Every structure is written in C-alpha cells, then in structure tokens.
Peer 1: 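My questions will all concern the structure given below.
In what follows, every chain begins at residue 1, and chains take the letters A, B, ... in the order their sequences are listed. On a predicted model such as this, the values are computed, not experimentally measured, just so you know.
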Amino acid sequence: MARRRDATRSDGKAWIFLSWTSLFLILAMMGVLGLLICVNSFRALWPNRIEQVTLADGSVFLGFPVNADLSPEGLSRLQYKVANRELNSGADFRWVYARDIVSAARPPGAVLVNRAENGDFLGLPGPGADGSFEKPEQLRARLRSYRERWNAGAEPLRRKLASLGEDWQRVHLSALKAQYAMERAAAAPAKEESAKRLRAERERESAVKAESETLMGEFNRIKNDFSRETAVFATAEGETVVLPLSSIVDASWPNAMTVMERAGAFAVNVWRLLTHYPREANTEGGIYPALFGTVMLVFLMAVSAFPLGVAAGIYLREYAHDGILSRTARVAVNNLAGVPSIVYGIFGLGFFIYGMGGAIDDLIYPERVAAGINTYGGGGIIWSALTLGLLTLPVVIVATEEALATVPSEIRQGSLALGATRFQTLWRVILPMASPGILTGFILAMARAAGEVAPLMLTGAVKSAHNLPLDGNWPFVHLERKFMHLGFHIYDMGFQSPNVEASKPLVYLTALVLLILVFALNFSAITLRKRMRDKYAMKGF
Amino acid sequence: MRNEDHADGPIASAAGLNFFYGEKQALVDINLDIARGLATALIGPSGCGKSTFLRCLNRMNDLVDGSRVEGTLTLDGEDINAPGVDVIDLRRRVGMVFQKPNPFPKSIYENVVYGLRIAGVRGRAELDAACEHSLRRSALWDEVKDRLRESAMGLSGGQHQRLCIARAVAVKPEIILMDEPCSALDPRSTVKIEDLISELKGDYTIVIVTHNMQQAARVSDRTAFFYEGKLMEEGETKKLFTTPVRKETEDYLTGRFG
C-alpha cells in the first residue's frame with residue numbers, strides 16, 4: 001500500500017509537469033501565429049526603403065528586399081520586390097544570389113508609385129520634355145490639384161453614371177415583367193393593358209440608355225482630357241517611363257522620409273486598407289467591401305439566430321417536460337454543434353437558396369425566372385446569414401439552457417410564492433439573472449461564425465462584389481446581393497489569386513483584421529458578462 | 001372569495017388531507033385547523049411532513065411533478081384545491097418565507113414592490129407607500145431607507161430574510177408561511193426575526209415550520225407535532241410543551257429522537 005501511494009505522488013508531479021507543458025505549447029503556438037501575422041502585417045504597411053542593387057553583370061534594379069534563404073546548392077540568395085510588372089514580363093519579384101550583388105544603395109530620389117493598374121512602380125525621377133526633373137513637392141502638388149479637379153469635374157459624372165446604371169437595371173427588369181405579363185395574358189384587354197405598359201417601360205428604358213450614353217460620351221471626353229496629364233519617371237536602367245496621373249493612386253519617396261513621415265504614411269496605409277476597394281483581382285488596394293460584408297453578415301446572423309436560439313433554450317429548460325421528446329431534442333441540438341460547417345453550407349444551398357429563394361423568385365419574380373435571372377434564388381447575404389445562424393443555434397441553445405440552470409430554484413420559488421406566473425418569473429427574474437451566461441455564449445458563437453468560411457462559399461460569398469448589400473440606392477438594403485467576406489478573401493487571395501506572391505502582404509493584413517474583429521467580439525463578451533454579473537450578482541448564494 | 005361567515009372560525013383547515021409524491025405518501029389523513037391571527041408552529045423530526053403541509057397551504061407543491069393531493073384544505077371556507085381556484089390569487093393571499101433567504105438580484109425597493117408590480121400596480125405613490133410600510137413592518141426601514149435603490153445583494157443574511165418578509169408583507173396576505181426562516185441565520189438575526197414574528201401575528205396569521213423547539217415555544221401560540229406524515233398532536237403551545245398527550249410528542253420534546 002505504501003509503495004503505491006508513493007507511486008501516485010510522483011505520478012502527480014509528472015502530471016502537473018505534463019499539463020504545464022501542454023499549456024505552454026498551446027500558448028507558444030498561439031504566440032507564434034499572432035507574432036507572424038502582426039510582424040508581416042506591419043511590414044506590409046510600414047513604408048520600406050527602396051534599394052538600388054547593382055549586380056556583377058552590370059545590371060541595375062530597384063526593389064524592396066522581402067525574403068532571404070539558401071538555394072538548394074547552399075548559396076545565399078535574396079528576394080526583391082521589383083514591381084514594374086509590365087516592364088519585367090509580368091513578374092513582380094526577383095531572386096538574386098548574394099554573391100552576385102556588387103552594391104546596394106538607397107537613392108533618396110527613388111519613388112514608389114501605387115498604380116491603379118499593373119501593380120506598383122519603382123523608379124527614379126525622369127527627365128521631362130525640356131530635360132528638367134520634377135521635384136517630389138512639385139509632383140505631389142500636381143497630384144493633389146489633379147485629384148481636386150477630378151473630384152470636382154469628373155467624379156459627380158461618374159456617380160451619376162453609376163446610378164443611371166442602377167436605374168437602367170430597374171427599368172429593364174420592370175420591362176421584363178410587363179413583357180412576361182403580356183405573353184401570359186389570356187384576355188385581349190389584359191393583353192392590351194400589358195402591352196401598353198411594356199411600351200412605356202421600353203420608352204423609359206431607351207430614355208435612360210440615351211441619357212446614359214450622352215453622359216458616357218461627356219465623361220469619356222473629360223477623362224481623356226485628364227489622362228493627358230502625365231508624370232515622367234525613369235527605371236534604374238535609365239529607361240524613361242511616362243505615367244498618366246489618372247493611373248497614380250499615390251506616389252511616395254520612402255528613402256527620403258523621416259520617422260514621423262513614415263508613421264504618417266503608415267497611418268494612411270491603414271486607412272486605405274480599411275476604406276479602399278480591392279484592385280487588380282484583389283492583389284492590390286484595400287479590403288473595405290470584405291470588412292463591410294463580414295460585419296453586416298455577423299449582424300444579420302445575430303439578429304436571426306439570437307431570438308430563435310434563446311427562445312428554444314428557454315422552452316427546453318423551462319417548459320418542456322423531461323420526456324423522450326425533449327431529451328431527443330437536446331441530444332439532437334448537441335450533435336448539431338458537431339456537424340461540419342460545410343454540411344451547413346450544403347443545407348443552406350439546398351434549403352435556403354434553391355428552396356426558399358427559389359420559391360420567393362417563383363412567387364414574386366416569375367418573369368426573371370423565365371429570363372434565367374436569379375434574385376433570391378441565388379447566393380445572397382441573407383441566405384449566408386441564415387446558414388451561419390443555423391450553425392450557431394446549437395451553441396446558443398446550450399448556452400441558454402445552461403445559464404437558466406444556474407439560477408437557483410429558491411429564486412424561482414420566491415417569485416412564484418409571491419403570486420407571479422411562470423412567465424412573469426421568467427421574464428422579470430430568471431432571464432435577467434441568466435443574461436450574462438446567455439450573452440457570453442452567444443457572442444462566443446458569433447465570434448466563431450465570423451471566422452467561418454466554408455458554408456459561405458456555397459451560399460453567397462464571392463471574390464469580388466463592388467455593390468455592397470447596403471447602399472444609397474433604393475431600397476438601400478439589398479439582402480439578396482452577393483457579398484465579400486474577410487475569411488473568403490483570405491482564401492481567394494492566398495490560393496486563387498493570379499499573383500499569389502503579390503497578394504501575400506494583403507493575406508496577412510486580412511487575417512489580422514479578421515483576428516481583431518473576432519478578438520473585439522470576444523472582448524465585448526467578457527466586458528458584457530462582467531457588467532451583467534455586477535448588476536445581477538448572486539452574493540450569498 | 002373571502003367568506004364572512006368564517007370571520008371568527010379558523011382561517012384554514014385541513015380535513016382528511018393526504019398528500020403523495022408519486023407513489024410515496026407524505027401526509028396521512030391530516031385534520032388540522034389554523035387559528036386566525038395566531039402563530040402556529042409545525043414541529044417534528046426531519047421528513048415528518050411538516051414542510052409538505054406548509055407547502056400545501058399555498059400550493060407550492062404543484063411545482064413538483066407527480067404530486068397529488070386528496071381530502072380538503074380550505075381557506076376561509078373555500079377549498080383551495082377545487083378546480084377553478086386561481087393559484088396566483090391563492091399565493092397572494094398566502095405569502096411565504098423560505099428557509100434560505102432568496103432576495104432577487106434587484107434593488108431593495110424593487111424586491112419589496114415585486115409582488116405588487118406583477119399584480120399590475122403601477123402608481124408610483126402607492127408603490128412607495130407600500131415599500132415603506134412593508135419595510136417598517138419588517139423592522140428593516142431604518143437600516144435601508146437611505147439605500148433603497150441599491151442592490152439587495154449588499155445586505156447581510158439576516159437583513160435578506162427580513163427583506164423577504166417585507167416582500168411577503170407588501171402584497172398584504174392573510175397568512176404568512178415560514179419554512180424554517182432562521183435555520184440559515186446567526187443567533188442575533190434569529191432574535192430579530194423572532195421579534196418580528198411576534199410583531200406580525202395578530203395582523204397576519206403565521207404558520208412557521210421550525211426544528212428549534214425553543215423557538216416554537218417562544219414565538220407560537222399553538223403548536224402541531226407531525227410524525228411520519230401524521231399529525232400526532234395539536235394544541236396550545238404552552239400546554240403541548242408542558243403536558244403532551246402522546247408519548248411520541250413527549251419523546252421528541254425531551255430529545256429522545258429528532
């Protein structure tokens with residue numbers, strides 16, 4: 001007996017060590033992941049210095065050093081982002097052996113130009129027509145004035161065109177409806193009526209089209225005028241490159257920046273990331289639509305799943321008799337929490353999109369169905385939100401049940417003994433007391449759903465959606481629209497991109513934004529729980 | 001529902017009352033009158049059915065699945081188990097204080113007026129007056145009058161129990177049931193509650209379950225002794241404690257079992 005006790009004692013120590021090690025490993029892995037994402041995100045946003053590299057064969061190029069490793073032969077080599085895609089036969093990056101590098105300088109005049117197309121441009125000041133070189137301040141002033149003039153002269157026109165496009169879409173659809181009604185009408189007067197409407201719609205359609213074409217012509221003329229303004233640069237080899245100002249998103253001279261200027265540029269980069277639309281197949285630009293789509297998706301999901309889940313949890317715990325049925329329901333709910341999310345996606349596609357969406361389309365938009373146009377019968381943010389809501393339901397139900405179970409039965413009886421009905425007891429005493437637990441469970445479920453991707457790929461997330469599901473066009477909320485999502489964006493940029501290497505920094509940044517979003521949700525859960533606990537604390541129990 | 005013919009008779013009376021938890025019979029043929037305006041103590045060893053009887057009086061046993069009641073139990077001459085009796089109304093007439101103080105996690109004020117609020121009383125003045133009256137009746141007013149809006153959870157255990165009494169008093173019941181109200185309290189708080197019971201009886205009929213025979217002797221006018229689900233003996237407290245008729249009563253009172 002004594003020996004046995006000794007054995008357990010030493011085992012105990014080993015167990016403590018093992019559990020400590022497990023915890024440490026987990027924390028270390030999380031730390032490494034977080035650090036990796038943060039460091040790479042920082043590097044992507046912080047203005048790096050441009051190096052001018054001269055190689056042994058006499059060639060010169062400009063680039064940002066981004067990576068270093070050993071070649072299979074054991075030679076040290078460096079990767080540079082050289083940009084200037086159209087001049088380098090499509091490649092943004094270049095590997096060079098360290099031994100080939102003769103010198104690496106940082107010319108203060110080196111310029112980084114973010115372009116609307118073809119990615120970044122790296123260069124040096126180029127000679128103008130009269131042989132003079134434009135100073136950075138001059139170019140910056142010119143860019144600013146160009147942008148002001150564009151915003152005053154061309155931007156309103158562009159907006160008008162965009163809204164005309166929406167108008168045309170609407171008129172086109174109502175013409176389609178009139179035509180459908182005419183073809184289906186059996187009686188002559190009804191046919192006549194529909195035909196009249198169709199003619200009116202067609203007239204409106206062509207009026208909108210004509211107006212749009214006139215405007216387009218004017219817009220193109222103005223655009224043409226604007227595109228005549230150019231800036232001249234040179235490549236490291238001395239080749240002159242002329243860029244129209246319209247193609248320049250931003251020009252900066254990172255080698256000449258002070259620390260403060262870099263910090264400012266960093267802040268601007270953060271702002272651009274969060275507010276700009278993606279460009280060039282998501283490899284450049286910002287992630288605004290994806291961020292917006294994710295937040296709106298989570299909001300819609302919360303609105304749909306919370307009341308349903310809480311109500312179901314309340315019924316199971318407070319009202320359902322403890323019979324076969326309620327026990328089966330409970331087991332089913334618990335098992336639902338373990339169903340792979342892609343299965344929910346398939347269910348969403350089959351039930352929500354094809355089933356409910358299809359039925360809505362058949363009912364309200366038969367003319368669009370006949371023309372092969374999906375409205376609700378295709379992927380949309382509402383269907384994604386409902387699918388995600390379904391995915392979080394089990395967690396919400398279980399959290400609600402458990403939170404209700406923690407309310408002491410004395411409290412229930414105290415309320416009932418004062419002549420309260422069960423509903424009054426539930427509503428006035430039990431639910432407030434259970435609310436911290438319910439909310440915590442719900443927000444954690446929400447955080448999980450915010451990072452979920454698989455079901456969204458089937459139910460409405462797309463790689464590019466420039467029309468947000470919430471905008472200034474009637475009826476403002478477009479729940480049937482496809483949307484962009486941070487998680488899907490990561491997948492798309494990282495694995496579906498035509499230029500994976502160029503989009504790498506954005507993958508890290510998107511991951512960071514998604515992580516921050518999820519952390520913010522978790523943090524708000526903790527804060528909320530603390531506040532609720534303070535309010536409904538059960539001291540003395 | 002109140003029957004004036006019974007103004008002088010017992011406020012509640014059980015006749016041939018049997019009570020079952022599923023198959024198990026907890027009360028056997030109880031015949032007991034609860035005297036109006038007096039404090040009646042229910043004593044007996046654990047599991048003797050005294051708490052069950054108490055909970056029959058406001059039908060809290062309804063909450064237990066599979067419970068069943070036979071015989072009659074009347075309040076002011078009305079059978080409280082008759083179909084059509086509103087249990088909500090019954091519980092307003094028969095208040096209850098529990099063994100473990102169970103204030104709601106709300107403010108002191110909200111705790112006291114809870115019963116009135118759920119009964120649909122909305123008038124600010126009425127609620128304020130009821131709150132002050134109830135807290136005065138339960139000897140808590142002076143201690144809490146400056147912090148009515150604060151959480152009731154900040155009070156001590158003894159104050160919790162007096163708050164629960166105030167909460168029961170606020171709905172103006174005819175009977176207040178007390179299920180071992182002092183068993184979770186320290187001696188000083190117990191004294192206060194006992195004083196309070198003496199204070200309240202007369203205006204309210206009080207039925208108190210207690211394990212503490214000194215307490216029963218101190219606060220009650222009449223005492224009923226329960227043993228193994230049966231009512232053994234009932235009578236004036238003084239008489240029952242000094243000259244018990246049944247041998248079981250004497251054994252219990254002298255501490256031979258318990």
Side-chain angles (χ1 to χ4, degrees), chain A residues 314-327 330 400-440 528-541, chain B residues 54-55 57-66 86-107 110-120 151-161 163-164 167-173 176-179 184:
Chain A
I314 288 173
Y315 182 79
L316 267 184
R317 168 65 51 179
E318 297 288 320
Y319 293 103
H321 290 283
D322 196 29
I324 291 260
L325 206 65
S326 70
R327 241 173 286 163
R330 204 164 281 143
T400 304
E401 267 210 272
E402 278 172 7
L404 289 174
T406 59
V407 178
S409 64
E410 289 92 350
I411 293 284
R412 256 165 244 263
Q413 296 196 2
S415 171
L416 292 170
L418 283 165
T421 61
R422 285 178 82 168
F423 180 74
Q424 283 172 327
T425 304
L426 182 72
W427 190 249
R428 287 169 180 259
V429 181
I430 295 176
L431 271 188
M433 287 179 75
S435 55
I438 296 175
L439 283 174
T440 308
L528 204 64
R529 178 173 55 191
K530 197 185 160 337
R531 275 185 52 191
M532 293 288 215
R533 270 205 191 137
D534 290 346
K535 196 166 170 196
Y536 300 113
M538 290 303 297
K539 280 174 226 149
F541 277 95
Chain B
L54 193 79
R55 282 159 178 265
L57 288 168
N58 64 347
R59 284 180 56 180
M60 283 303 275
N61 285 326
D62 288 11
L63 304 175
V64 182
D65 275 340
D86 183 3
V87 69
I88 302 296
D89 184 62
L90 171 72
R91 287 182 189 150
R92 280 189 196 131
R93 293 169 63 194
V94 184
M96 186 161 189
V97 176
F98 292 81
Q99 180 173 3
K100 220 169 166 188
N102 56 354
F104 304 132
K106 296 170 180 280
S107 69
E110 284 303 325
N111 261 282
V112 178
V113 301
Y114 180 82
L116 298 172
R117 276 204 198 279
I118 56 170
S151 170
M153 292 300 151
L155 300 176
S156 72
Q159 287 173 322
H160 277 166
Q161 197 60 303
L163 182 65
C164 292
R167 196 170 69 181
V169 166
V171 287
K172 298 203 168 70
I176 299 176
L177 309 176
M178 297 190 176
D179 192 356

Peer 1: Mind checking the CE-CG spacing from M96(B) to L418(A)? Nearest 0.5 Å is all I need.
Peer 2: 11.0 Å
Peer 1: If you look at every heavy atom in F104(B) and G414(A), which pair is closest and at what distance?
Peer 2: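 That would be CZ-C, 3.9 Å.
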Peer 1: Under 4.5 Å between any side-chain heavy atoms of K106(B) and V429(A), yes or no?
Peer 2: yes
Peer 1: Which atom names give the shortest non-hydrogen contact between I118(B) and R428(A), and what distance separates them?
Peer 2: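 I118(B) and R428(A) have their closest heavy atoms at CG2-CD, 3.6 Å.
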Peer 1: Which distance, rounded to the nearest 0.5 Å, do you find between the CG of L63(B) and the CD of Q413(A)?
Peer 2: 6.0 Å
Peer 1: Roughly how far, to the nearest 0.5 Å, is CZ of R59(B) from CG of L416(A)?
Peer 2: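 Result: 13.0 Å between the selected atoms.
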Peer 1: Taking side chain as everything from C-beta outward and backbone as N, CA, C, O, which of these in V94(B) sits under 4.5 Å from a heavy atom of chain A? Side chain, backbone, both or neither.
Peer 2: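 Interface part for V94(B): backbone (N, CA, C, O).
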Peer 1: Of all the heavy-atom pairs spanning A417(A) and N58(B), show the shortest one and how long it is.
Peer 2: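 Nearest pair, atom of A417(A) first, then N58(B): CB-ND2, 4.3 Å.
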Peer 1: Identify which of V87(B), D65(B), I88(B) forms the greatest number of heavy-atom pairs closer than 4.5 Å to chain A.
Peer 2: I88(B)
Peer 1: Closest heavy-atom contact between Q424(A) and Y114(B)?
Peer 2: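 That closest heavy-atom pairing would be O-OH, 3.9 Å.
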